[in-house]
**Q** 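Have a look at the structure that comes next, please.
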Amino acid sequence: MGLFNRICTAIFDVLLAPFGHGRPWFDLVLWPLVGGILALLVIKAVSNQAGITRAKNFIQVHLLEVVLFRDDLRTVLPATVKSLGYNVLYLGYNIVPMVIMFVPMTAILVQLVSNYAYAPLPVGSTALVVAKLDADVGGVTPADVKLDLPEGVSLDAPPVRTPDGEVAWRLRLDAPGDHVLTLHAGAATETKTLAVGGEPRKVSVLRTKSWEALLYPAEAVPSAESPFEEISIQARKDQAMPFFPDGESGILGWFFGVSLLAGFLLKDLFGVTL
Amino acid sequence: MRRPSSFAPILALAALGASALALSCSQEHHVDHAGIFILGVDGMDPVILQRLMDQGKAPNFKKLAADGGFENLGTSNPPQSPVAWSNFVTGMDPGGHGIYDFVHRDPKTYLPISSATPPPGDPGTSVKVGGYYLPIIAGDDILNNRSGTPWWDVLYGAGVDVEVYRVPGNYPVTASEAKTLSGMGTVDMRGGYGVYTWITDKPPVTLPGHELKGDVQLVTVEDFDLDGKGDTVKALIKGAPDLFHLPPGEAPHDSDYLTVPLTVSIDPDAPTALLTVGDEKVLLREGEWSDWVKVSFDALPHGAMALGGAVRFYAKELRPGFKLYVSPVNLDAEDSPQPISTPDDFAPDLAEALGGQFYSQGMPEETNALKDGTFDDDDYVKQVALVQHDAESMLGVALARFQRGDATFFYLSDVDLQCHMLWRHGDPKYADAPHHPAWEEGAAAKHAMDIEGYYENVDRLVGNLRARLPEDTLLLVMSDHGFQPYTREVHLNSWLRDHGYLTLKDGKRTGKIVLGDVDWSKTQAYALGFNALYINEQGREAQGIVPKADVPALEDKLSADLLGFTDPAAPDKHVVLRMFKGAEIYHGARAGDAPDLVVGYDKGFGHSDASTLGEIVEPEIEDNTSRWSGNHLMAPEVVPGVLLSNHKLGGGDPNLTDVTATVLAWYGLAPLPEMIGKPVFTP
């Protein structure tokens, strides 16, 4: 997981934001388009195009049957069942390309989210940082966790240590920068970046050992021996594209919308039946 | 041949977008005319304001009065905010707009109902499926009971860009193309006017004779890590009624509300706590207030229908006792489960401009917690500061949006509510007034001058307004009524009992109308609402006994008796200054809904809460020891409001409906035929 993240991040750090993070539209148009074209190529290469065409035709035929003979229940019922059956078949023909596309599409999407879904926190505001200890590692308790703050960040309230192994700090963000927080638990040390003020840029909101690390690749996954299960900061979601929600859901909706649109608009050009 | 057709949809979309943009530009309202900005300051009193101006504590008001004018503004009858502001909104008296009080009675049941939003007639029909009541026939909507055409609709129709911020009585928002944000009367998530939650490990000590308004949750501070120190509290935040588990029309009980769990983790050493609700986490020190925290209530499983709200927390005490305040769940301004603005996106736009949630609740000042005694004055004043900050930020947004030619109304609530709550610490109107019955020595020393401070704050805002508005803008500062001390509370139903007008069943002396304790076969009159008296009229009330022909004589007798009512504690003081017959003072299509008599109390006297809701207690009159210590529910002449303008005023005892006519006249528009006011000056 860590290696996959590192490879993807290294590639996309070069490819993304050629005009800076303040202009996300370029990447948010280009990469869904690339995703849509990639999907067309994969579908063309691995799907049963003839089968898809046949299934679609049968769906149309049986739907027409339902419309034309809507007063004849003996015709409508079998036609509806057959139409549903061909729908299942149609989906079945698309499963293999979907499985193949899942990995690259997710990798692109995750990198777009990582780069454009969050904004640096404003200077002068406060941020909550929460570290969760890994119960499987053991050996340390919340009382053992200490936080070293860089210049530009100060403690706004004493930390709270919870009985379920969490430690939370409220920090005041005094100066802009990509600050590095250093957390100690016994002999172990982990860091967490905290983006404050300045230009839009890649913002890391979570470092975790769990599978969720795939969705948050901006920082390295803590090692298996680390006493920290995860370290998170309260994020400020950004609106990457107008009329779309802030944060991940906006990018998710935009990405799939544009990919689908690109696929449907270009399918004839690529000679693909969808 | 294929390529052009592939791009055709994109070109079509682009053309559609361009057309929509052109259309939206062509529909933008704007007039080439000086605009108008109205600052509505609820409860601002002319005597207090004049004194502060004379003492140099309100320099901006003084300059405004000198540049234009300052006059007393006649209030509504009765002088209650929903009534008064409805007069201003519609240019009619209650006979026209139909809002006579905060509450009125249903003659069929004698029960009190909300005057602003009476319950819908048909609650709809549902079928029960798997434990859920699924609606199949929609019921009646809950509608705003106010009749008439608001002045903003007249202006909008004339091409003026209008924005109306939080005018009382505009909930539910009436259909309008103007931009309006609902104000006083806007409910919280539970559907009431604001129920706070008090999470504590010990029952609160309430003020004597006071019934708690808040929702108290008694909790145990658990010691999960067994270190001998309590560390975790688990509680629930109640949201909207669980309508999918309630038969249509059935009122929710305590357990019939949607909830979200709240976990509070207290640090073993430091006075700090981590609050977790849904995906949100907040770290608070003892004594701190949180910012807004979004909460989401699932009306259907798996988020199929989620209702959004927002709360603020106040960590009053973390150790050794535990006291956590949770504000009423305000409707989520960015995604409200019900409309709080016109158009629907006006509230979200404001939230975006403000950087997030604002108080959407109609009366956001936490008067209930102060009345309950769970808040002390310091807590209350801190909470009021949050409301003020909210209002001032919104005023900044309103000003930024204002352009020459626009008409904007902006409402401020804090002078009114602080006069209600803090008058007991030091009378701001009568320097020689004796201590209020609710005077508290320690708090009085600290808070005696607070009301002046709120006036001075409005003065500062007026200064900002004048500096930032386009020079030819008409600025009006108005209030709906003034203020008086409220030292003696009158139990009018008890007085009616003692004078033979009202009889309880089984020879009882105390009881409640809502519990069926009144013997209607022997009752001629009863009180419900803050100033209203009703005759138990035959053919109108469910068990009426007074023939219609006898009503005028009974009204005369009742009025004469009440005008002779003197305070046993000071026999030279009359409790009631004036009595009014509804049939004589109201005009318009809804005059038939009027109460039979309106009681105009003299200064210092007012209806008790108990009597307002139809309770009959032992005494007729007693000291008001409640923290609700200033009031205006009296005869209109003892609580006039204020009108200030940067334009010379014409004199002639203006009243609220005259301001409506003035607003229309400013744009050269005649009042609608049903409007009764006259412009206070000729533009």
Side-chain angles (χ1 to χ4, degrees), chain A residues 29 33 36 40 119 122 124-133 135 141-143 145 155-172 205-206 232-237 239 242-243 245-249 257-258 260-272, chain B residues 1-13 17 20 221-234 263-276 279-291 293-294 303 315 318-319 334-335 345 348 351-352 355-356:
Chain A
V29 172
L33 199 62
L40 288 176
S125 66
T126 59
L128 194 68
V129 175
V130 181
K132 185 167 178 54
L133 295 177
T141 68
V145 179
L155 199 62
D156 193 56
V160 176
R161 292 156 292 172
T162 73
D164 54 352
E166 281 188 339
V167 187
W169 297 267
R170 196 175 71 202
L171 306 180
R172 179 153 294 281
V205 298
L206 178 69
S232 62
I233 59 166
Q234 243 171 354
R236 188 164 75 99
K237 291 179 178 174
Q239 188 184 35
F243 311 116
D246 299 349
E248 304 101 320
S249 55
V258 175
L260 284 171
L261 188 66
F264 278 104
L265 289 175
L266 301 175
K267 66 184 170 62
D268 293 344
L269 192 66
F270 284 83
V272 178
Chain B
M1 289 298 288
R2 280 177 179 171
R3 190 175 296 227
S5 66
S6 297
F7 284 97
I10 299 175
L11 292 173
L13 272 175
V221 184
E222 308 274 1
D223 179 12
F224 279 126
D225 59 5
L226 305 174
D227 65 351
K229 297 174 185 171
D231 49 48
T232 305
V233 170
K234 291 194 181 288
T263 303
V264 184
S265 305
I266 306 168
D267 188 76
D269 302 319
T272 50
L274 184 67
L275 283 60
T276 305
D279 294 335
E280 303 278 345
K281 287 180 187 289
V282 182
L283 192 156
L284 287 181
R285 293 172 193 253
E286 191 171 83
E288 269 185 345
W289 281 84
S290 76
D291 203 343
V293 178
K294 292 287 178 81
L318 296 175
R319 288 185 198 285
E334 290 168 291
D335 186 17
D345 60 3
E352 187 180 350

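It should be emphasised that the depicted structure is a prediction, and the values quoted were computed from it without experimental measurement. Letters A, B, ... are given to chains in the order of the sequence lines, protein chains preceding strands, and every chain is numbered from 1.
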**Q** Does any heavy atom of chain A fall under 4.5 Å from the side chain of B:T272, the backbone, both, or neither of them?
**A**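 Both the backbone and the side chain of B:T272 come within 4.5 Å of chain A.
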**Q** Do you know which of B:E280, B:R285, B:E288 has the most heavy-atom pairs under 4.5 Å to chain A?
**A**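 Among the listed options, the one with the most contacts to chain A is B:R285.
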**Q** Under 4.5 Å, counting heavy-atom pairs only, tell me which of A:T126, A:T141, A:D156 racks up the most with chain B.
**A**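 With the most close heavy-atom pairs to chain B, the winner is A:D156.
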**Q** Does atom CZ (A:F270) have a neighbourhood of more than 12 heavy atoms from anything else shown, all under 6.0 Å?
**A**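 Enclosed.
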**Q** Would you say CD of B:E352 has more than 12 non-hydrogen atoms from neighbouring residues, nucleotides or ligands within 6.0 angstrom?
**A**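 No.
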**Q** Does the pair A:T162 and B:L274 meet the rule for a side-chain contact (heavy atoms from CB on, under 4.5 Å), with working shown?
**A** CA-CA 8 Å; A:T162 73; B:L274 184 67; 4.2 Å; yes
**Q** Charged N to carboxylate O under 4.0 angstrom, A:R161 versus B:D269?
**A**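 Judged by the 4.0 Å cut-off on N to carboxylate O distance, A:R161 and B:D269 do form a salt bridge.
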**Q** Which residue, B:D267, B:D231, B:I266, forms the side chain to side chain contact (heavy atoms under 4.5 Å, CB included) with A:V160?
**A**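 With A:V160 as partner, side chain to side chain contact (heavy atoms under 4.5 Å, CB included) holds for just one option, B:D267.
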**Q** For A:P159, which atoms come within 4.5 Å of any heavy atom of chain B: side chain, backbone, both, or neither?
**A**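 Backbone of A:P159 only, per the 4.5 Å heavy-atom cut-off to chain B.
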**Q** Between CZ of A:R170 and NZ of B:K281, what distance do you get to the nearest 0.5 Å?
**A**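 If we round to the nearest 0.5 Å, A:R170:CZ and B:K281:NZ are 15.5 Å apart.
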**Q** With only heavy atoms counted, which part of A:V130 is less than 4.5 Å from chain B, the side chain, the backbone, both or neither?
**A**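 It is the side chain, since no backbone atom gets that close.
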**Q** What part of B:L226 gets within 4.5 angstrom of chain A, counting heavy atoms only: side chain, backbone, both, or neither?
**A**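 For B:L226, there is no contact with chain A at all, as no heavy atom is under 4.5 Å.
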**Q** Using the rule side chain to side chain contact (heavy atoms under 4.5 Å, CB included), only one of B:D225, B:D227, B:D223 pairs with A:P163; which is it?
**A**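 That would be B:D225.
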**Q** If I measure from the heavy atoms of chain B, does A:D164 come under 4.5 Å with its side chain, its backbone, both, or neither?
**A**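 Contact with chain B is absent: no heavy atom of A:D164 under 4.5 Å.
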